[in-house]
Amino acid sequence: MNINATLLAQAVVFIVFIAICWKYVYPPILAAMQEREKKISDGLNAAKKADDALEEARIAFEKELSNAKAEASEIIEKANNRATQIVSDATSKAETEAEKIITSANKTVENETNKAKEDLRKQLSSIIIDTTQKILDEEISKDKHEALLKKAAEEL
Amino acid sequence: MATELTTESYIGHHLTNLTCGKTPDGWTCDPYMVDKMGFWAFHVDSLFWSILLGALFITIFRLGIPKSTDSAPSGLQNIVEMCIEFVNDNVQSLFGSVKNTLIAPLALTVFVWILFMNLMDLVPVDFLPVLAGHIAYIVAGDSVGWISSPESFYFKVVPTTDPNITLGMAFAIFVLTIYYSITVKGPKAFIAELTLHPFGKWLIPVNFILEMVNFIAKPISLGLRLFGNLYAGEMIFILIALMLFFGSIPIGIMGFGLHLVWALFHILIVALQAFIFMALTIAYLAMAHETEEH
């Protein structure tokens, strides 16, 4: 257990191993570790960017969707309004038409009534004249009593 | 030369390195010639495990280099990257804004390598030495005189229980500290730091002695701390192992339990000491980069 040249030999061996480690072992490992570290941080950044883009797209999509919804409801409302309009138009037109028809029917009935009354009056006057002629025979001539007959007819 | 197995010889066997060095008769690894080798001797077992485990560290981390950055990391790659991140965090907290590309790889090497060396402590104490002894006896028992039996071949397994290894690393870090002190601060500032504190310029010799003690104590304490902790851990494993071989059956069973408990606790020491060595290495190098006066 005495100190001898082993000490010097070990010192030399030690320095040789340090040199090997310094030149051939440590740098490639450290370089690889740093490279991977960079790759990982790059990857994380890219993932964050992708996340942001996704969020942006989602917001845009939602905006678009709500726009479309609003537009659709507007269209539906317009269509509803239009339908109501059409129905009410048709209703009023039909009502007018019906009124017109009723009015014209009324008028026709009135005309017919008048006409019937006139006919009746004429027939009645001719019946009266005939009857009167039969009663009076030749006493009363149709020509002599025209004015009288006419007046009687008017009074009927 | 098969000696009888005694407590003393068992402990001695586990605490002796396989030492090869130059004797007056030439190079040899004979344990009985160690005293004649002087300074120019090498603990072959410590260096063997140290280099093997260092190579294992390099291999594992080379295999862990990410093949592509497109897929999620898995398996070995995760472990490697976890180590790198752990070391980077520590370097960041101790080094702050100073840019030096050597510090992190150095800290990584220190941490993982020392962790591997310390972990050898968890391999059962007899397993590898006995295996190595038998292999050496089979391979070289006939041709090499001093390998007379498997037991005569010493083979320590945990490099960090050898002060040469820990102080060797501390020494290398010490040299780096001086190098960065001079290149970053400039020689003038470095010398000023060693001589003008804490008593100002009229007591330069006193300052120098005090600062030198402080300066040299750092690497020595760094190396001895690791050595002391692991040596003590190893020693306790050896003593527990002795309970199995030299005690009665109840003591042997207790030994098993104790071994388990100590091994579990030692995992903490193993990792903690590797971490402390790394943290102090970074701290000392950070001090070498500090330019402002304290």
Side-chain angles (χ1 to χ4, degrees), chain A residues 1-70, chain B residues 15-17 19 21 34-35 37-44 46-47 50-51 54-55 57-58 61-62 64-70 72-73 77 80-81 84-85 87-88 101-102 104-106 108-110 112-113 159 161-176 223 231:
Chain A
M1 219 175 51
N2 32 15
I3 298 296
N4 54 33
T6 311
L7 191 151
L8 296 179
Q10 174 68 10
V12 172
V13 170
F14 182 50
I15 284 169
V16 167
F17 276 129
I18 291 172
I20 293 172
C21 182
W22 183 34
K23 270 262 174 290
Y24 302 110
V25 176
Y26 190 81
I29 300 175
L30 193 70
M33 282 167 76
Q34 280 167 347
E35 195 188 320
R36 188 169 55 236
E37 213 166 277
K38 195 176 163 293
K39 267 186 190 167
I40 290 171
S41 79
D42 285 356
L44 288 176
N45 281 343
K48 200 181 171 308
K49 251 180 219 162
D51 258 2
D52 290 351
L54 179 67
E55 181 68 10
E56 242 165 60
R58 204 179 56 79
I59 288 167
F61 162 74
E62 252 162 37
K63 204 171 154 195
E64 203 71 9
L65 187 67
S66 70
N67 277 354
K69 268 184 186 163
Chain B
L15 295 183
T16 310
N17 282 101
T19 312
V34 170
D35 292 340
M37 288 175 191
F39 181 74
W40 288 104
F42 296 93
H43 290 164
V44 176
S46 294
L47 285 171
S50 152
I51 292 168
F57 153 65
I58 297 290
F61 275 67
R62 281 294 296 185
I65 293 173
K67 303 279 180 301
S68 96
T69 53
D70 291 330
Q77 203 183 318
V80 164
E81 290 186 5
I84 298 234
E85 257 167 23
V87 169
N88 269 353
T101 54
L102 180 67
L106 187 151
L108 179 74
T109 311
V110 165
V112 181
W113 195 18
T161 57
D162 182 348
N164 286 296
I165 297 296
T166 61
L167 287 170
M169 286 190 286
F171 176 68
I173 289 160
F174 183 62
V175 171
L176 274 176
Y231 187 76

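Here is how names work: the chains are called A, B, and so on, in the same order as the sequence lines, proteins then strands, and each is numbered from 1.
- Interface remark: of the candidates B:L102, B:I173, B:L108, B:L102 forms the most heavy-atom pairs closer than 4.5 Å to chain A.
- For B:T16, no part sits under 4.5 Å from any heavy atom of chain A, backbone or side chain.
- Between B:T19 and A:N4, the shortest heavy-atom contact is CG2-ND2, 4.3 Å.
- Considering all non-hydrogen atoms of both residues, B:G168 and A:A11 come closest at O-CB, 3.4 Å.
- Note that the CZ atom of A:R36 and the CD atom of B:E81 stand 4.0 Å from one another [nearest 0.5 Å].
- Taking chain A as the reference chain and counting heavy-atom pairs below 4.5 Å, the highest number among B:T166, B:V110, B:I58, B:V175 is found for B:I58.
- Using a 4.5 Å cut-off between heavy atoms, A:L8 touches chain B through its side chain atoms alone.
- In this structure, A:K39 places its NZ atom where more than 12 heavy-atom neighbours from other residues, nucleotides or ligands lie under 6.0 Å away.
- At a threshold of 4.5 Å between non-hydrogen side-chain atoms, the residues A:L30 and B:N88 count as touching.
- Taking OG1 of B:T109 as the reference point, atom CD1 of A:I20 lies at 9.0 Å (rounded to 0.5 Å).
- Taken to the nearest 0.5 Å, the CD1 atom of A:I29 stands 4.0 Å off from the CD1 atom of B:I84.
- Both the backbone and the side chain of B:A104 come within contact range of chain A, each with at least one heavy atom under 4.5 Å from a heavy atom of that chain.
- Ranked by heavy-atom pairs shorter than 4.5 Å toward chain B, the options A:C21, A:A32, A:A9, A:P28 are led by A:C21.
- Considering only residues two or more places apart in sequence or on other chains, B:F57 meets the ring-ring contact (aromatic ring centres under 6.0 Å, His included) condition with B:F61.
- When heavy atoms are compared at a cutoff of 4.5 Å, B:F39 approaches chain A by way of both its backbone and its side chain.
- Using a 4.5 Å cut-off between heavy atoms, B:V80 contacts chain A through its side chain alone, with no backbone atom that close.
- If you measure heavy-atom distances from B:I65 to chain A, the contacts under 4.5 Å come from both the backbone and the side chain.
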Exercise. Under the side-chain contact (heavy atoms from CB on, under 4.5 Å) rule, what do B:V87 and A:Y26 come out as? Steps first, then yes or no, please.
Key: CA-CA 11 Å; B:V87 169; A:Y26 190 81; 5.6 Å; no
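- Counting heavy atoms from C-beta outward, B:L106 and A:W22 have side chains that stay 4.5 Å or more apart.
- For CD of A:E62, the number of neighbouring non-hydrogen atoms (other residues, nucleotides, ligands) closer than 6.0 Å is greater than 12.
- Counting non-hydrogen atoms of neighbouring residues, nucleotides and ligands closer than 6.0 angstrom, the CZ atom of B:F174 exceeds 12 such neighbours.
- A pairwise comparison of heavy atoms in B:S50 and A:V13 identifies OG-CG1, 4.4 Å as the closest pair.
- Here the side chains of B:I165 and A:F14 are not in contact, with every heavy-atom distance at 4.5 Å or above.
- Here the side chains of B:S46 and A:Q10 are not in contact, with every heavy-atom distance at 4.5 Å or above.
- Of the listed residues (B:A41, B:A55, B:P159), the greatest number of heavy-atom pairs within a distance under 4.5 Å of chain A belongs to B:A41.
- Among B:F171, B:W113, B:W40, the residue making the largest number of heavy-atom pairs under 4.5 Å with chain A is B:W113.
- Contact annotation for B:L167: both backbone and side-chain heavy atoms come within less than 4.5 Å of a heavy atom of chain A.
- At a threshold of 4.5 Å between non-hydrogen side-chain atoms, the residues A:I15 and B:L176 do not count as touching.
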